[in-house]
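Numbered from 1 within each chain, the chains take letters A, B, ... in sequence-line order. The figures here come from the full heavy-atom set of this structure, side chains too, leaving out hydrogens, waters and symmetry mates.
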Amino acid sequence: QLQLQESGPGLVKPSETLSLTCTVSGGSISSTSYYWGWIRQSPGKGLEWIGHIYYSGSTYYNPSLKSRVTISIDTSKNQFSLKLTSVSAADTAVYYCAREWDQRAFDIWGQGTMVTVSS
Amino acid sequence: DIQVTQSPSSLSASVGDRVTITCRTSQNIGRYLNWYQQKPGKAPKLLIYAASSFQTGVPSRFSAAESGTNFTLTISSLQPEDFATYYCQPSYSTPYTFGQGTKLEIK
């Protein structure tokens with residue numbers, strides 16, 4: 001059974017870079033059928049799609065974050081990663097990684113990791 | 001970008017009630033809309049994809065429909081485990097957006 005697990009610091013200082021990794025287990029990240037994405041949810045708020053990556057490295061980012069976001073993939077480690085630069089308190093959120101299948105739906109999610117931006 | 005308006009934002013209902021949640025999109029997106037259920041402290045769970053196709057294991061009391069730019073999720077007879085927040089997600093094109101959410105609470 002495929003599982004996703006986010007990892008990374010839970011506390012990031014303002015203006016620094018948020019870095020998270022999603023480890024995929026129970027299946028290959030190199031499948032041609034899926035994209036791998038990041039979604040966040042601010043406390044008490046709704047869901048915001050950050051972007052996604054294909055196994056080939058092709059990416060698409062939400063234009064609202066595009067200038068600060070990089071998503072990368074390491075097929076040898078079955079992992080993909082998120083970097084968000086110049087963070088502020090507005091970036092405090094639970095960050096989820098998720099599998100996006102060909103119906104453009106997120107069918108498998110990680111448990112989420114809370115990231116707080118604070119000095 | 002495709003905008004979506006989800007209503008109501010909250011809903012109070014009793015076990016056994018029938019409830020309907022609606023999402024309206026800013027343009028015609030065909031059947032490219034998904035529904036998720038989220039319980040406190042948990043990741044969202046995909047319930048329905050492509051407007052009315054069920055993910056494995058979703059109870060039959062859930063149903064979904066599409067008519068133009070209007071999409072509905074109906075729960076025919078609420079069960080205690082259905083009290084959660086529900087989100088729609090238009091998936092016609094990136095950047096993906098999500099509805100604002102409907103918090104379904106026990107009356």
Side-chain angles (χ1 to χ4, degrees), chain A residues 1-7 10 20 22-24 33-54 58-69 71 93-115, chain B residues 1-10 21 23 25 29-58 62 64 66 71 73 84-105:
Chain A
Q1 182 180 356
L2 194 88
Q3 293 184 317
L4 282 68
Q5 178 68 58
E6 305 89 350
S7 59
L20 296 174
C22 182
T23 301
V24 178
S33 299
Y34 307 110
Y35 280 81
W36 305 93
W38 289 96
I39 296 151
R40 70 180 183 179
Q41 185 170 34
S42 302
K45 300 284 181 64
L47 297 158
E48 180 180 28
W49 180 76
I50 298 170
H52 67 198
I53 190 165
Y54 195 50
S58 173
T59 55
Y60 190 91
Y61 303 134
N62 192 323
S64 67
L65 297 168
K66 185 177 182 179
S67 63
R68 299 192 292 130
V69 171
I71 298 175
V94 176
Y95 285 76
Y96 295 100
C97 58
R99 186 179 80 170
E100 177 191 338
W101 65 307
D102 63 4
Q103 296 296 325
R104 307 179 192 175
F106 303 102
D107 65 334
I108 300 176
W109 296 64
Q111 65 184 26
T113 187
M114 179 70 201
V115 179
Chain B
D1 298 1
I2 294 168
Q3 308 303 313
V4 59
T5 302
Q6 184 174 344
S7 62
S9 57
S10 64
I21 300 167
C23 280
T25 56
I29 59 170
R31 300 182 63 78
Y32 286 99
L33 187 125
N34 310 309
W35 290 97
Y36 300 84
Q37 176 192 69
Q38 186 178 32
K39 295 185 177 179
K42 300 293 187 181
K45 173 186 173 184
L46 177 65
L47 293 180
I48 292 168
Y49 62 92
S52 61
S53 296
F54 289 89
Q55 206 42 356
T56 303
V58 174
F62 288 85
E66 164 264 334
F71 297 81
L73 173 69
T85 301
Y86 293 84
Y87 294 93
C88 61
Q89 178 230 335
S91 56
Y92 182 77
S93 61
T94 53
Y96 299 131
T97 55
F98 289 85
Q100 298 84 349
T102 296
K103 187 173 184 179
L104 182 51
E105 298 176 302

Which bit of A:Ile108 is near chain B, if near means a heavy-atom gap under 4.5 Å: side chain, backbone, both or neither?
neither
Is B:Thr94 close to chain A through its backbone or its side chain, or both, or neither, when contacts mean heavy atoms under 4.5 Å?
both
Nearest 0.5 Å please: distance from the CZ atom of A:Arg104 over to the CG atom of B:Leu33.
12.5 Å
Do other residues, nucleotides or ligands put more than 12 heavy atoms under 6.0 Å from the OH atom of B:Tyr92?
no
Checking heavy atoms, do the side chain of B:Ser93, its backbone, both or neither come under 4.5 Å from chain A?
backbone
Is it the case that the ring center of B:Tyr49 lies less than 6.0 angstrom away from the ring center of A:Trp101?
yes
Give, as side chain, backbone, both or neither, the part of A:Phe106 having an atom under 4.5 angstrom from any heavy atom of chain B.
both
For the residue pair A:Ser42 / A:Glu48, report whether a side-chain donor-acceptor contact shorter than 3.5 Å exists.
no
Ring-plane angle category for A:Trp49 and A:Tyr60, please: parallel below 30°, perpendicular beyond 60°, tilted otherwise.
parallel
Chain A contact via B:Tyr87 - which portion, at a heavy-atom distance below 4.5 Å
side chain
